[in-house]
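Comments concern the structure below.
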Amino acid sequence: MALFQKPPKRPEPAPPKRGTAAAPVRPQSARELAAQAVGKGMQRARSEPTARDITVTGASLMGAPPTTSAIEVMQANPGLCAVLENAALLYASAQAEMARKLLEQGVASDHDTRLSPLAWLALFDLLQRAGDHVAFDQLAMQYVVQFERSSPAWDEDARPAAEAKGVAGGYLAITGKLTAASASQLEGLKRAIERKLPQARIDLASVTGFDDEGAKLLASALALARRNAFALALLRGEKLRAAIESEVKRGRDAGEGVWLLSLELMQWFHDQASFDDRAIEYAIAFETSPPSYEPPPQAPQPAGGEAPADDGEPAETAVQGDMLRWTGVMAGQSAPQLAQLAEFAQGRPVVPIDMTAVERVDFVCAGALLNAINRIESQRRAVQLAGVSPIVRALLLLIGISPRHFVKKAG
């Protein structure tokens with residue numbers, strides 16, 4: 001007789017039934033993608049993560065990891081809905097027309113969008129920017145019926161974005177990773193070439209990477225500008241050029257698009273000696289004739305390489321009275337508008353920022369702004385954002401900036 005009984009056998013797990021389909025994978029929402037991209041760069045200062053720990057360093061929505069982030073981006077924001085969140089991300093990446101179409105479809109057929117005043121206000125915002133007075137008036141009538149209150153008024157003094165581009169030239173900031181999806185961003189450059197806009201500039205500082213197709217698209221757009229003798233200023237392209245040079249060392253495996261972009265950048269930087277050597281290497285690697293050196297005309301570069309803002313409005317940080325005033329497009333984590341924020345906040349219990357003239361904020365800069373606000377408020381100071389347009393406010397809410405930071409502009 002055994003002194004100890006044998007432990008009972010654990011029941012084997014039942015084998016899966018044949019023919020049982022796997023649960024369908026639910027597509028991620030804009031909020032989940034935003035949360036993952038924010039959490040990707042998060043640094044922990046305490047044992048438990050909080051909203052003050054968020055750091056965004058060139059995060060890409062497309063490159064966000066599929067794991068669930070410890071940070072939830074604004075779980076309950078008044079007025080946010082799925083359609084508005086996606087539209088805000090589209091507008092942040094300079095796809096205003098797609099954002100408008102999405103919101104128009106949403107207010108027409110999506111229940112949550114129809115109930116969101118902020119979604120309607122964001123659509124009014126985009127229609128005003130596009131200069132579409134007819135569509136604005138039609139939406140105003142629908143708004144009155146939906147909410148039983150007065151609609152926003154058309155601003156006769158506001159210049160449409162297209163008109164502003166024609167007045168003072170164009171500025172285009174390429175953000176994120178260069179891929180086939182970058183074609184929509186480069187459409188702005190092609191339109192500038194067609195219209196022969198003066199003082200056109202393209203900012204490459206916020207490019208976080210590239211694949212062969214994306215490199216080929218940018219090379220093609222630059223070649224088009226060069227062949228048309230289009231006076232285009234390339235701003236802050238040194239980082240991209242260095243990354244391209246490193247990739248070209250792989251030889252043919254780097255891809256023809258990467259080689260072509262390398263040759264284009266050498267011409268735009270008027271580096272003939274390097275171009276001649278690279279042209280021969282390219283001809284050998286891809287068994288073709290070497291390209292000729294045909295540099296574009298010299299374009300005046302802004303002092304210090306500072307990037308002016310989109311649609312011809314200078315990127316500006318100015319102190320007016322007791323407010324910090326920002327204008328133009330805010331792109332990248334080192335946007336010039338953020339540079340003076342810490343200094344301006346010193347000695348002020350309340351830090352008011354006038355964002356009335358801000359045209360657009362991209363996703364990376366929105367994360368950098370959130371970090372800056374968190375750092376300031378950790379010093380027992382309060383930040384107030386005045387005059388933020390509805391479509392920009394939607395992005396800032398999505399990224400995690402609290403509704404309490406938004407105030408109406410006096411006067």
Side-chain angles (χ1 to χ4, degrees), residues 27 29-34 73-165 184 187 310-311 329 355-363 366 385-399 401-409 411:
S29 67
R31 181 175 298 183
E32 291 168 333
L33 288 173
V73 179
M74 294 307 294
Q75 285 297 325
N77 270 324
L80 281 185
C81 60
V83 169
L84 177 57
E85 290 167 358
N86 284 298
L89 292 178
L90 286 170
Y91 185 76
S93 60
Q95 301 181 64
E97 185 61 30
M98 293 180 64
R100 170 183 169 175
K101 290 179 179 178
L102 185 62
L103 284 172
E104 286 176 333
Q105 294 170 0
V107 299
S109 58
D110 181 73
H111 177 265
D112 291 340
T113 309
R114 289 183 64 85
L115 296 179
S116 168
L118 184 56
W120 288 72
L121 295 177
L123 182 52
F124 278 119
D125 188 2
L126 295 180
L127 294 175
Q128 177 78 64
R129 294 173 189 272
D132 195 338
H133 201 163
V134 174
F136 189 100
D137 288 343
Q138 292 174 346
L139 184 67
M141 292 187 288
Q142 299 173 33
Y143 182 89
V144 172
V145 173
Q146 175 69 23
F147 296 103
E148 298 182 351
R149 56 184 163 184
S150 299
S151 66
W154 176 265
D155 186 357
E156 294 290 350
D157 296 328
R159 288 186 305 167
E163 179 185 339
K165 287 179 181 177
S184 58
E187 282 299 316
D310 204 356
D311 300 333
V329 169
M355 296 182 65
T356 305
V358 170
E359 173 69 21
R360 181 170 61 85
V361 179
D362 78 356
F363 184 81
L385 306 177
V388 184
S389 68
I391 191 65
V392 173
R393 192 191 329 157
L395 174 72
L396 300 184
L397 287 169
L398 174 62
I399 202 69
I401 293 178
S402 171
R404 65 183 170 80
H405 290 106
F406 300 95
V407 298
K408 290 184 178 181
K409 184 178 177 181

Practice item. State, with a plain yes or no, whether a side-chain heavy atom of Leu115 is found less than 4.5 Å away from one of Gln146. Key: yes
Practice item. Compare all side-chain heavy atoms of Phe406 with those of Leu397 and state whether any distance is below 4.5 angstrom. Key: yes
Point to revise | Residue list, salt bridge (Lys or Arg N to Asp or Glu O under 4.0 Å) with Asp112, at least two apart or on another chain | key: none
**Study point:** Qualifying residues under salt bridge (Lys or Arg N to Asp or Glu O under 4.0 Å), relative to Asp125, sequence neighbours excluded
**Key:** Arg129
Exercise for review: Say whether, by atom type as modelled, one donor and one acceptor occur between the side chain of Trp154 and the main chain of Gln128 under 3.5 angstrom.
Suggested key: no
**Study point:** Atom pair OG1 (Thr113) and CD (Glu85), whose distance is rounded to the nearest 0.5 Å
**Key:** 10.0 Å
Revision key, fill the gap. In terms of heavy-atom contacts, Ala394 and Leu80 come closest through O-CD2, 3.9 Å
Point to revise | Pro117 versus Arg149, closest heavy-atom pair with distance | key: CG-NH2, 3.5 Å
Point to revise | Side-chain (Ser109) to main-chain (Gly106) donor-acceptor, under 3.5 angstrom | key: no
Revision key, fill the gap. dist Leu396:CG -> Ile401:CD1 (nearest 0.5 Å) comes out at 4.5 Å
Practice item. Answer yes or no: is there a side-chain heavy-atom contact under 4.5 Å between Pro152 and Trp120? Key: no
**Study point:** Sub-4.5 Å side-chain heavy-atom contact between Leu395 and Tyr91
**Key:** no
Practice item. Search all heavy atoms of Ala119 against all heavy atoms of Leu103 and return the closest pair with its distance. Key: O-CD2, 4.0 Å
Practice item. May I ask you to test the Val83-Leu102 pair for a side-chain heavy-atom distance under 4.5 Å? Key: yes
Check your understanding: Distance from Lys101 atom NZ to Gln105 atom CD, nearest 0.5 Å?
Key -> 8.5 Å
Review point. Are Met355 and Val361 close enough, and set up right, to give a side chain to side chain contact (heavy atoms under 4.5 Å, CB included), and what steps lead you there?
Key: CA-CA 10 Å; Met355 296 182 65; Val361 179; 4.3 Å; yes
Exercise for review: With rounding to the nearest 0.5 Å, note down the distance linking CD in Gln142 to CG in Asp137.
Suggested key: 11.5 Å
**Study point:** Aromatic ring pairing His133/Phe136, orientation class (parallel under 30°, perpendicular over 60°, tilted between)
**Key:** perpendicular
Practice item. Hey, could you give me the CZ/CG distance between Arg393 and Leu84, rounded to the nearest 0.5 Å? Key: 10.0 Å
Check your understanding: Hey, does Val358 have a side-chain heavy atom less than 4.5 Å from the side chain of Ser389?
Key -> no
Review point. Can you name the closest pair of heavy atoms from Ser116 and Phe147 and give their distance?
Key: C-CZ, 4.1 Å
Check your understanding: Quick one: CG on Leu139 to CG on Leu123, what's the gap to the nearest 0.5 Å?
Key -> 5.0 Å
Point to revise | Arg100: salt bridge (Lys or Arg N to Asp or Glu O under 4.0 Å) partners, not counting sequence neighbours | key: Glu104, Asp132
